[in-house]
Amino acid sequence: MFLKLSTFFIILGSLAQTYAQDITGAWEGKLSVQGTEIPLVFNISMEDDAYTSTMDSPSQGAMGIPMDVTTLEGTTLTIKFNQAGIKYIGTLSDDKIEGTFYQGSNELPLILGKTVITLPGNTALPTSDEDLEKLSNWKPINSYKYAVEDYFARPKARSFNFSPDGKYLSYREKDDNKKNHVYVKNLETDQVTRVIEEKEELVRGFGWANNNRIVYIMDKGGNEDYHLFAVNIDGSNQKELTPFDGVKVNILNGLKEDKDHMIISMNQNNPQIFEPYKINIVTGKLEQLYSNDDAANPIDGYEFDKDGNLRGFARLRDGVHFDMYYTLDGENYEIIKQLNWKDSFGISSFNYATEYPHDAYVISNLDSDKTQIYLYDLKEDKVIKKLFSNENYDVSGLSLSRNRGYELDYFSYEGEKQVIVPVSDYYKSLHKKITNKFPNYSYSIADVTDDESKYLIFLQSDKLYGTYYSYDAKKDEFKLLYNLMPNLLEEDMAEMRPITFTSRDGKTIHGYITLPKAALEGKKVPVIVNPHGGPQGIRDSWGFNPEAQLFASRGYATLQVNFRISGGYGREFLESGFKQIGRKAMDDVEDGLQYVVDQGWVDKDNAAIYGGSHGGYAVLRGLTKTPDLYACGVDYVGVSNIFTFYDSFPEYWKPYKKIVKEIWYDPDVPEEKAIMEEVSPVFHINKIKKPLFVVQGANDPRVNIDESDQIVEGLRAKGVDVPYMVKYDEGHGFGKEENSIALYKAMMGFYAKHLNQNIEQPIKD
C-alpha cells in the first residue's frame, strides 16, 4: 500500500533540555514518496517549559500544521498526528535527526537537518505594526457610515456553482477565523458537507470536474507556483494531483466528454516552458500529450478540442514571432500562419455544429484595427464569414450551447459597460427575460447546468457589490440565491461615471470618475488618481469597485484613466503606448486629472496617486515626473527600477523578454537605455518631495520585493520617513482578508494625514 499524499502531515517535536544544543528553530528534510521527493520544514519553539512544533509542507500548500503529541524519552523523539494516523520516531545525533515516518503499514526514512529560514528582502526596512496602527488612526473630519471592513471583508459566502447535473451547489463560506472553506449542498435534501478545509494557505480557486469531484488550486504564500488538488463531494479521497516542488500548474481544458480527466500544463521538465498533460483527477496519473522541447522557441499556447485532441499550437520564434501549427490527421503539425507577436489571431472554439471538422470561431485583428469574430476554415486558412464586429471596441467573446448542438448564443464586447449581443432565438428570449427582470444592472451567466434547466445569474452595477439569482428554465422562475454584501446599501454608494477626453496630442482617451456626494452637490473634492496595472492590454471597467466606494465614503473622488496601451480600444491605441510607459502613458493620466479639474469636480491641489503593479510604478513615476502635481502617493507592489525588474523575471517569463523590451524599453539600445534611466523612479529619488506609502508582498514573483526595498532605502537615506508595509505571507497583491483590511486602514489614515486638509489628530474608531 502506497502512502496517500493527501493525508501527509508530520511534525518534529521537542528534544530533551539536557542537550546543550538549542533545537528550537527550523529543521528541513525530504520524504521520498512513490519516486517523488516531498520537502518538509519543521519549526520548533518552546512554550511553558515544553517544546511545541509546526510543519510546513510547501509542495502541498500545508503550512503551520500543529501536531497532537510530542514526547522525548532519552534521545528518542516520538511525534503523533492522530487525525491522519501518522507517527514519526527520530533520534538526535550531532546536527541531524534520523528517524522513520509511519502511516499505517508504511515505513519511510526521514532525516532532518538544521536550517535557517530567511525572509525575502531587507527585513530591517518594514515599518512596525505599531507604527502602521498609528497611521491608521488618522481620520478625516467628515463623518462616514461604513468601516473599511464593510468593503474589504470577504462575503460570508461566495463563488457559487452548480454541479453539472444540477443536483448540488458548491460555494465558499467564511468561518470566524476568516478561513474560506468550500462546501457542497445537496439541493434535494439541503444536506451541507464541508469538502475543502482552508488552512494557512489560501484556496486560490476551485470548480466542478464532474458530478462527483471538485478540483482546486493552491500556492505557497502568493508565489504563484500553483498545485492542483481534487476531492469527492462527500469530502473523501482528497488528493494532491501535482506534488511537484517549484512547478506551476495551469488548467487548460476540462473534458465534458471524459469525466475522469482534464488537461493541464506544467513547467516540470523545464522551468521556462510549459507542456500539456492529461491528468486523471482521481488517481493523479499523468500522460504527457506533447513535448515542448525547444526552449529557445517554446510553444506558447495549445488548442485542444472538446474530446481532448491536440489540434494545434503556437510556437514562439526568435522571441517576437509566432508560428501557428495545425494538424489535419492528428499526428503531423504544419505551419498555417506566421505572425508577429502584435498580431491577434485566436481560436475561441471549434465549430461543433457542423460535420466539417476544420471550422472554428476565430477572434482576430489581422484585417482590422479592432478585433472581430470570424467563422474560419483552418484547413484552407481562409475566412468563411465575418460574424461580428464593433467600430469602436474590440470584441471579446462568444458563447455556444453544448446542450443545443453547439448553437451560437451571443457575442460580447466591453465598451463603456459590458455589452451582450444575443444571436440565437433561445438566447434572445433568455436575455429579454433577464434584462426585463433586472433592468438597471449588468448581468453575466455565472453557471448553467448541462441540460440548461438551471442558470446562475450574477448581477452587478456601480452601486451593487453583487447578487446571485437562480433561474429555473422549466418553471420560468427567478429566485434570489445570495446577496454578497447586503450591508452595503445601494443608495449609499457613489456613482461611477464614464468619461471621455482628448489628450494633449489629440488622442481620444476613455476612463471613469467615481464621485462622492459632495462633488454632486457642486463642491470640489480631493481625488485619488488610480492608474491600472498591466499595463498592456489591461483596462479599467465599469462596475462595483470596493476601493473607489471606500474612497468616496471618505469624501474622495477616484479617477481611472484607460491611457494609451490599455486594452479593448483597438490595435493602434494599444501600440501607441509601446515605448511610452512612464512618458506619454503618464501624460494621459495627467491630462485626465486636468479634465476632471476643468469639470469642477475635484480640487487640483488635493490629488493623490495610488496604484498596484504597473499602477504602483505610475505612482513612483508620477511623484518624480511631476513632483508638484500630487499631494501624496501610495505604491502597491510597483516597479521602481526597470533594469532590476527585468533581471528578476520568473523563469517562465524569460522566453518573452524580447516582447517585454518591445513594450517597455530595450537596455541594449543606447537611446532606450537612456530612457529607462529617465523613467526609472529609483534614479530620481531626489525629485520626490511629497509623502509616499509603500506596500509589498514579500513572495511576489512578478515584482520582486527588491523593487520596493530600493525606493524605501533611497528615501530613508535622505532622511525621509516612508511608511513601508510588507506582508511575508503574500505575493503580487494581498489575498488574505486580514492583510487587505490592514492595508486599507493604513492607506485611509495616510490619505487623512496628507491629502485631506481638514483632518483632526489621530483617534481610535
Short side-chain to backbone donor-acceptor contact, E730 and G735, under 3.5 Å: yes
Distance in Å, L187 CG paired with F162 CZ, rounded so as to fall on 0.5 Å steps: 6.5 Å
Within 6.0 angstrom of K256 NZ, more than 12 heavy atoms from elsewhere: yes
Pairwise side-chain contact, I445 with Y455, heavy-atom cut-off 4.5 Å (strictly under): yes
Aromatic ring proximity, centroids under 6.0 angstrom, Y751 and Y610: no
Those residues that, when tested against E416, pass side-chain hydrogen bond (donor to acceptor under 3.5 Å, both in side chains) (two or more places apart): none
Ring pair (Phe, Tyr, Trp, His ring centres under 6.0 Å) pairs, two or more places apart, involving residues 194-217: Y216-F229
Close side-chain approach of M747 to Y636, heavy-atom, < 4.5 Å: no
S553 versus Y144, closest heavy-atom pair with distance: O-CB, 3.5 Å
Point-to-point distance, once rounded to the nearest 0.5 Å, from CD1 of I434 to CZ of F478: 5.5 Å
Pairs meeting criterion side chain to side chain donor-acceptor pair (under 3.5 Å) with involvement of residues 456-465, two or more places apart: none
Under 3.5 Å: donor-acceptor pair, side chain of D394, backbone of T371: yes
Backbone of A752 reached by a side-chain donor or acceptor of R554 within 3.5 Å: no
Nearest heavy atoms of W542 and S442, plus distance in Å: CZ3-OG, 3.5 Å
Proximity of Y410 and H431 rings by center, below 6.0 Å: no
Y302 side chain near F304 side chain, heavy-atom distance below 4.5 Å: yes
Flag for T558-E547: side-chain donor and acceptor within less than 3.5 Å: no
4.5 Å side-chain heavy-atom contact, Y393 and V419: no
Pairwise side-chain contact, K745 with F152, heavy-atom cut-off 4.5 Å (strictly under): no
K259 NZ: over 12 foreign heavy atoms closer than 6.0 Å: yes
Residues forming a side-chain hydrogen bond (donor to acceptor under 3.5 Å, both in side chains) with Y469, sequence neighbours excluded: none
Pairwise salt bridge (charged side-chain N to carboxylate O under 4.0 Å, His left out) hits with a residue in residues 153-174, at least two apart: R172-E198, K174-E737
Closest heavy-atom pair and its distance - L241, A230: CD1-CB, 3.8 Å
Side-chain donor/acceptor of H227 to backbone N/O of T242, under 3.5 Å: yes
Sequence-distant partners of P120, side-chain contact (heavy atoms from CB on, under 4.5 Å), two or more places apart: A698, N699, I705, Y728
Nearest-0.5 Å distance that lies between atom CG in L228 and atom CZ in F244: 10.5 Å
Evaluation steps, side-chain contact (heavy atoms from CB on, under 4.5 Å), between S613 and R702: CA-CA 9 Å; S613 195; R702 308 187 202 184; 5.9 Å; no
Non-neighbouring partners of T189 that pass side-chain contact (heavy atoms from CB on, under 4.5 Å), sequence neighbours left out: N186, Q191
Verdict with reasoning, D150 to L488, per side-chain contact (heavy atoms from CB on, under 4.5 Å): CA-CA 7 Å; D150 291 316; L488 296 176; 4.0 Å; yes
Close side-chain approach of F411 and V395, heavy atoms under 4.5 Å: no
Steps toward side-chain contact (heavy atoms from CB on, under 4.5 Å) verdict (I217, V249): CA-CA 9 Å; I217 58 172; V249 171; 5.6 Å; no
Interatomic distance, I363 atom CD1 to Y413 atom OH [nearest 0.5 angstrom]: 14.5 Å
Closest approach of L202 to M218 (non-hydrogen atoms, all atoms of both residues): O-CG, 3.3 Å
Non-neighbouring partners of S236 that pass side-chain hydrogen bond (donor to acceptor under 3.5 Å, both in side chains), sequence neighbours left out: N232, D234
By side-chain contact (heavy atoms from CB on, under 4.5 Å) - contacts of A746 (at least two apart): L135, S136, F693, M725
Donor-acceptor under 3.5 Å (Q696 side chain, K727 main chain): no
Main-chain N/O of H532 paired to H614 side chain as donor or acceptor, under 3.5 Å: yes
N223 to P701 - nearest heavy-atom pair and separation: O-CG, 3.5 Å
Proximity of Y482 and Y171 rings by center, below 6.0 Å: no
Candidate pair M493 and F544, rule side-chain contact (heavy atoms from CB on, under 4.5 Å), full reasoning: CA-CA 9 Å; M493 299 298 108; F544 191 92; 4.0 Å; yes
Identified side-chain contact (heavy atoms from CB on, under 4.5 Å) partner of F734 from the options N739, D729, V637: N739
Value rounded to 0.5 Å, distance of OG in S170 from OH in Y183: 13.5 Å
Under the side-chain contact (heavy atoms from CB on, under 4.5 Å) test, residues paired with S429 that sit two or more places apart: K433
Check: S349 side chain, Y361 main-chain N or O, donor-acceptor pair, under 3.5 Å: no
For G308 against I263, the heavy-atom pair lying closest together: CA-CD1, 3.7 Å
Pairs involving residues 177-192, ordered by first then second residue, that meet salt bridge (charged side-chain N to carboxylate O under 4.0 Å, His left out) (sequence neighbours left out): K185-D190
Sequence neighbours excluded, every pair satisfying salt bridge (charged side-chain N to carboxylate O under 4.0 Å, His left out) that has a member inside residues 477-488: E477-K479
L481 side chain near L456 side chain, heavy-atom distance below 4.5 Å: yes
Backbone N/O of K454 and side chain of T449: donor-acceptor pair under 3.5 Å: yes
R497 and E495 ion-paired at < 4.0 Å: yes
Close side-chain approach of Y441 and T467, heavy atoms under 4.5 Å: no
Spacing of N210 atom CG and M262 atom CE [to the nearest 0.5 Å]: 10.0 Å
N562 side chain vs D540 backbone, donor-acceptor pair below 3.5 Å: yes
Polar side-chain atom of K517 near backbone of D492 as donor-acceptor pair, under 3.5 Å: no
